[in-house]
Student: 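Sending over a structure as structure tokens; questions will come in a sec.
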Amino acid sequence: MELWYTENHTEEARFSIKIDKQLVSLQSDFQRIDIFESGEFGRILTLDGYLMVTEKDEFIYHDMITHVPMAVNPSIRKVLVIGAGDGGTVRELLRYPAIEHIDMVEIDEEVVRVCKEFLPRTACGLTDPKVHLYFEDGLRYVRGKEGEYDLIIVDSTDPFGPGEGLFTKEFYGNCYRALKEDGILVNQHESMYYSSYAASMRRAHKRIQDTFPIAKVYQAHIPTYPSGHWLFGFASKKYDPIKDLKAEDWNKLGLKTRYYNTELHLGSFAIPNYVKEQLEEEV
Ligand code: SAM
């Protein structure tokens, strides 16, 4: 008998991974949490059946969500991370000695508990004294914060279920206020390839553009995410992610990365025409 994990990327396109065994299956107050063991991708975390992280390709996502903003402003000291229960984003941020304080707001404590036990390679930084964990809704947490953070990273689930509020105009406005004068917001923008994701992301991008003077989109190749072509949003009050890239300063830090480098940083903002056209369309 063979066991396979399958995610419907559309009604008519599916992505499957052969599973050796299922390690966790539980229902939290917010979502269904599963962890699988696979030969090809190592351990896999899914939430409500959607693939979040695999041990084999998580480095791509976590490199791109953290090192891109850090190379634009390597003096970032205080960071707010929203979602990110697997810990990969915090693990990468902790590699910067300049970062003094990380607040991480994850709605679901069970995700953190399960990842600490079954995904120690991503969750390894979650007990670091610089990391302050809050188990609540990111949308609520950020309300009322003013000029506190150098960087906000939104590493959430898709724009439905518990993550829905993190794609709203209210949320982006609150992030703008919570950031310092030279603050940066990075969020995962899903993919534009399949139409089911494209509409919600176009809307999210427009909302960010209406809120921040600088709002750009960059991309990465993530094999286990729908279509493999993934987008991130970079928004800032001050920094342009290309003109203000501090390549020399970042390279001097000597961080060893498997995906990110400063040439790729520049190239990642060169997005395909079909994505550009969709982002320019009226919503
Ligand atoms: N890299 C992943 C991806 O895009 O597929 C996301 C990883 S991480 C596991 C996403 C986390 O966001 C989940 O653990 C989920 O519980 C959390 N989350 C969803 N909505 C949230 C909210 N409103 N506030 C805080 N965390 C939230």
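As a basis for the values below, the full set of heavy atoms in this structure was taken, side chains included, without hydrogen atoms, waters or symmetry mates. Model, not experiment: these values are computed from the prediction. As the structure lists them, so they are numbered: ligands from 1, and atoms in each ligand from 1.
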Student: Going by the order shown, which atoms of ligand 1 are within less than 4.0 Å of some heavy atom of D155?
Tutor: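 Close to D155: 1 (N), 2 (C), 6 (C), 7 (C), 8 (S), 10 (C), 11 (C), 12 (O).
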Student: Give a yes or no on whether the ring-centroid distance for W230 and Y218 is below 6.0 angstrom.
Tutor: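 Judged by ring-centre distance (under 6.0 Å), W230 and Y218 do not meet the cut-off.
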Student: Taking the ring of H9 and the ring of F15, is the distance between their centroids below 6.0 Å?
Tutor: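 Under 6.0 Å, so yes.
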Student: Mark up the atoms of ligand 1 that fall under 4.0 Å of a heavy atom belonging to L51, in ascending order.
Tutor: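 Atoms satisfying the 4.0 Å criterion: 5 (O).
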Student: Out of curiosity, is Y225 lining ligand 1, as in a heavy atom under 4.0 Å away?
Tutor: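 The answer is yes: ligand 1 sits under 4.0 Å from a heavy atom of Y225.
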Student: Can you name the atoms of ligand 1, numbered from 1 with element, that are less than 4.0 Å from a heavy atom of V111?
Tutor: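 Close to V111: 14 (O).
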Student: So, the side chain of E148 versus the backbone of K180: is there a donor-acceptor pair under 3.5 Å, distance only?
Tutor: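 Judged by distance alone, no pair lies under 3.5 Å.
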Student: Number the atoms of ligand 1 from 1 as they appear, then name those within less than 4.0 Å of a heavy atom of D137, with their elements.
Tutor: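 Under 4.0 Å from D137, ligand 1 has these atoms: 22 (C), 23 (N), 24 (N).
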Student: Of all the non-hydrogen atoms in the protein, which one sits nearest to atom 27 (C) of ligand 1, and at what distance?
Tutor: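 The closest heavy atom on the protein side is I107 CG2, 3.6 Å.
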Student: Which atoms of ligand 1 are found less than 4.0 Å from any heavy atom of V105?
Tutor: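 Those atoms are 25 (C), 26 (N).
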Student: Hey, what do you get for CD1 (I153) to CE (M104), rounding to the nearest 0.5 Å?
Tutor: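 Answer rounded to 0.5 Å: 11.5 Å.
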Student: Mind checking what makes ring pair (Phe, Tyr, Trp, His ring centres under 6.0 Å) contact with F36, not counting sequence neighbours?
Tutor: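 Counting only residues at least two positions away or on another chain, F36 forms a ring pair (Phe, Tyr, Trp, His ring centres under 6.0 Å) with Y5.
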Student: Using a 4.0 Å cut-off to any heavy atom of D108, which atoms of ligand 1 qualify?
Tutor: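 Checking each atom against D108, I get 16 (O).
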Student: Please list, in number order, the atoms of ligand 1 under 4.0 Å from a heavy atom of A84.
Tutor: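 Every atom of ligand 1 under 4.0 Å from some heavy atom of A84: 8 (S), 10 (C), 11 (C), 12 (O).
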Student: Tell me, please: is Q31 in heavy-atom contact with ligand 1, that is, under 4.0 Å?
Tutor: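 The answer is yes: ligand 1 sits under 4.0 Å from a heavy atom of Q31.
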Student: Using the test ring pair (Phe, Tyr, Trp, His ring centres under 6.0 Å), find all partners of Y61 that sit at least two apart in sequence or belong to another chain.
Tutor: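 Applying ring pair (Phe, Tyr, Trp, His ring centres under 6.0 Å) to Y61 gives Y225, F232.
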Student: Classify the contact between F30 and ligand 1 as side chain, backbone, both or neither, using a heavy-atom distance cut-off of under 4.0 Å.
Tutor: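 Under 4.0 Å from ligand 1, F30 contributes no heavy atoms.
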